[in-house]
Number of protein chains: 2
Amino acid sequence: MASRIESLCIEKGLKMTGQRRIIASTISEAEDHPDVEEIYKRAAKNDANISIATVYRTVRMLEEAGIIEKHDFGDGKARYEESSEEHHDHLINIKNGQIIEFHNDEIERLQEEVAKKLGYKLIGHRLELYAVPLKE
Amino acid sequence: MASRIESLCIEKGLKMTGQRRIIASTISEAEDHPDVEEIYKRAAKNDANISIATVYRTVRMLEEAGIIEKHDFGDGKARYEESSEEHHDHLINIKNGQIIEFHNDEIERLQEEVAKKLGYKLIGHRLELYAVPLKE
DNA sequence: TTAGCTGCAAACCCTTTGCTGCGTA
DNA sequence: TACGCAGCAAAGGGTTTGCAGCTAA
């Protein structure tokens, strides 16, 4: 059966090539937030012929389609994850780079409120918490 | 009298060169969040001999000294502003790129709380609101 | 005097793109 | 078949760096 990503490609009249299938499922299976280099390495395990240019083109396409999300955690390279139903923000453990997802309705609400008070309509936001473990 | 930045350079045993003085006061006088190219252009009005490499080296030095703050609003280039007493976050008007500073104690408190609940001690954060004007 | 700084240009890193041949629909 | 796509390598944008001469302390 066609995966979620395949259905979306068909819907948009895009060709479902082997490379796209592999790159898409690589991101889908990732439980972390891999950068392009990492996606490329993982995808290459399934098809050594994929080029990094194709990975760049594919993640851009998937991002524009809203299928995956792009993040920038300040290390100069883009990281990706599959879009989820529930919006979430990220806490980055600065000791080891581990990323924890969280969601807080109250913060979300306050953001809308802040924007409104300043005379703006909130379209999006970026919230990252940089932290260290309380104890080892 | 020596400016705040000059005092800090002396304190750290750094040389206070003409270029550093100019770059520092350029950032100090800025009321926006200029990128390196922009700082370079403004500084060049006072001394046409400054090179962009020196601007890069100086902003890095000032940032490491905690004198200025580096931001990345997602357009691929670093932006700088003088560190202020009061911490603040940024709302970016995505219609025109204008940046508005704001501060919200409640959001700050909730961030600490979120981190603590996840077993972390909050060290820093990044919060940006992307928004459009409510009406023109 | 001398350690540290500057300017220049080359190098770097991540990302995008032009071109040509290939594969999906 | 035909148009979109892939691979390759070159180019692009922001940033860093090696080197040789210069300058603040």
Side-chain angles (χ1 to χ4, degrees), chain A residues 2-3 5-27 33-41 43-44 46-65 67-80, chain B residues 2-3 5-24 26-27 33-41 43-44 46-65 67-80 97:
Chain A
S3 71
I5 295 178
E6 285 193 48
S7 319
L8 277 156
C9 283
I10 293 162
E11 216 170 89
K12 293 189 160 255
L14 301 166
K15 288 189 179 169
M16 182 38 69
T17 62
Q19 290 90 332
R20 284 186 182 167
R21 241 187 291 268
I22 289 172
I23 294 167
S25 74
T26 299
I27 298 172
H33 300 72
D35 58 31
V36 169
E37 186 69 33
E38 186 59 34
I39 295 168
Y40 170 60
K41 278 187 202 156
N46 292 317
D47 177 353
N49 285 348
I50 288 180
S51 79
I52 198 153
T54 297
V55 179
Y56 273 106
R57 280 192 271 239
T58 304
V59 293
R60 194 179 356 165
M61 177 202 87
L62 295 174
E63 195 214 341
E64 283 168 358
I67 299 167
I68 66 176
E69 279 172 26
K70 182 180 188 173
H71 297 291
D72 161 21
F73 296 141
D75 58 357
K77 36 191 181 174
R79 296 169 173 282
Y80 295 89
Chain B
S3 71
I5 295 177
E6 284 194 47
S7 319
L8 278 156
C9 282
I10 293 162
E11 215 170 272
K12 293 187 160 258
L14 301 167
K15 287 189 181 171
M16 181 41 66
T17 63
Q19 291 91 329
R20 284 184 182 169
R21 240 187 291 267
I22 289 172
I23 294 167
T26 299
I27 298 172
H33 300 71
D35 58 31
V36 169
E37 186 70 33
E38 186 60 33
I39 295 168
Y40 171 59
K41 278 187 202 154
N46 291 317
D47 177 353
N49 285 347
I50 289 179
S51 79
I52 198 154
T54 297
V55 178
Y56 272 107
R57 280 191 272 237
T58 304
V59 293
R60 188 165 20 151
M61 177 201 90
L62 294 174
E63 195 214 343
E64 283 169 358
I67 299 168
I68 66 177
E69 279 172 26
K70 182 180 187 174
H71 298 292
D72 161 20
F73 296 139
D75 58 357
K77 36 192 181 174
R79 295 167 174 282
Y80 295 89

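The shown structure was predicted, so the numbers you read here are calculated from the model rather than taken from an experiment.
Using a 4.5 Å heavy-atom cutoff, the side chains of A:His71 and A:His33 are in contact. Counting only heavy atoms from C-beta outward, the side chains of B:Tyr80 and B:Val36 approach each other to under 4.5 Å. Taking 4.5 Å as the limit, every side-chain heavy atom of B:Ile23 sits out of range of all side-chain heavy atoms of B:Arg20. Side-chain atoms of B:Leu14 and B:Met61, non-hydrogen and from C-beta on, do get closer than 4.5 Å to each other.
A donor-acceptor contact under 3.5 Å is formed by the side chain of A:Lys15 with the base of D:dC3. One N or O donor and one acceptor, one from the side chain of B:Arg57 and one from the base of C:dG7, sit under 3.5 Å apart.
In the set D:dA24, C:dG7, D:dC5, C:dG7 carries the atom at the smallest distance from any side-chain atom of B:Gln19. Here the side chain of B:Met16 is nearest to one of D:dA25, D:dT15, D:dA6, namely D:dA25. Among D:dT15, D:dT17, D:dC8, the nucleotide with an atom closest to any side-chain atom of B:Ala53 is D:dT17. In the set D:dC5, C:dT15, C:dC5, C:dT15 carries the atom at the smallest distance from any side-chain atom of A:Lys77.
Residue order along DNA chain D, read from the 5' end via each residue's closest nucleotide, puts B:Lys70 first among B:Thr17 and B:Lys70. Sequence order on DNA chain D of the closest nucleotides to B:Arg21 and A:Gly13 puts A:Gly13 first from the 5' end.
A straight line from CG of B:Leu62 to C1' of C:dC5 spans 14 Å, rounded to a whole angstrom. Rounded to whole Å, the distance from CD1 on B:Ile22 to C1' on C:dT6 is 13 Å. Regarding B:Ile23, its CD1 atom lies at a distance of 8 Å from the P atom of C:dG7, rounded to whole Å. The interatomic distance linking B:Asp47 (CG) with C:dC5 (C1') rounds to 14 Å, in whole Å. Atom-to-atom, CD of B:Glu37 to P of D:dT15 comes out at 10 Å; the value is rounded to the nearest Å. Separating the CD1 atom of A:Ile52 from the P atom of D:dG7 is a distance of 12 Å, rounded to the nearest angstrom. Following rounding to the nearest Å, B:Asp72 (CG) and C:dC13 (P) show an atom-to-atom distance of 20 Å. Rounded to whole angstrom, the span from the CE atom of B:Met61 across to the P atom of C:dT6 amounts to 8 Å.
Residue A:Asn49 is in sugar-phosphate contact alone, with no base atom involved, counting any heavy-atom pair closer than 4.0 Å across all strands shown. At the heavy-atom level, A:Ile50 lies under 4.0 Å from the strands shown only through sugar-phosphate atoms.
OP1 or OP2 of D:dG14 has not a single side-chain nitrogen or oxygen of B:Arg60 nearer than 4.0 Å. Taking 4.0 angstrom as the limit, A:Thr54 places a side-chain polar atom (N or O) nearer than this to OP1 or OP2 of D:dG7. One finds a side-chain N or O of A:Tyr56 lying less than 4.0 angstrom from the OP1 or OP2 phosphate oxygen of C:dT15.
Between the A:Arg21 side chain and the A:Met16 main chain, a donor and an acceptor come within less than 3.5 Å of each other.
B:Glu63 CD to B:Glu69 CD: the interatomic distance, rounded to the nearest 0.5 Å, is 8.5 Å.
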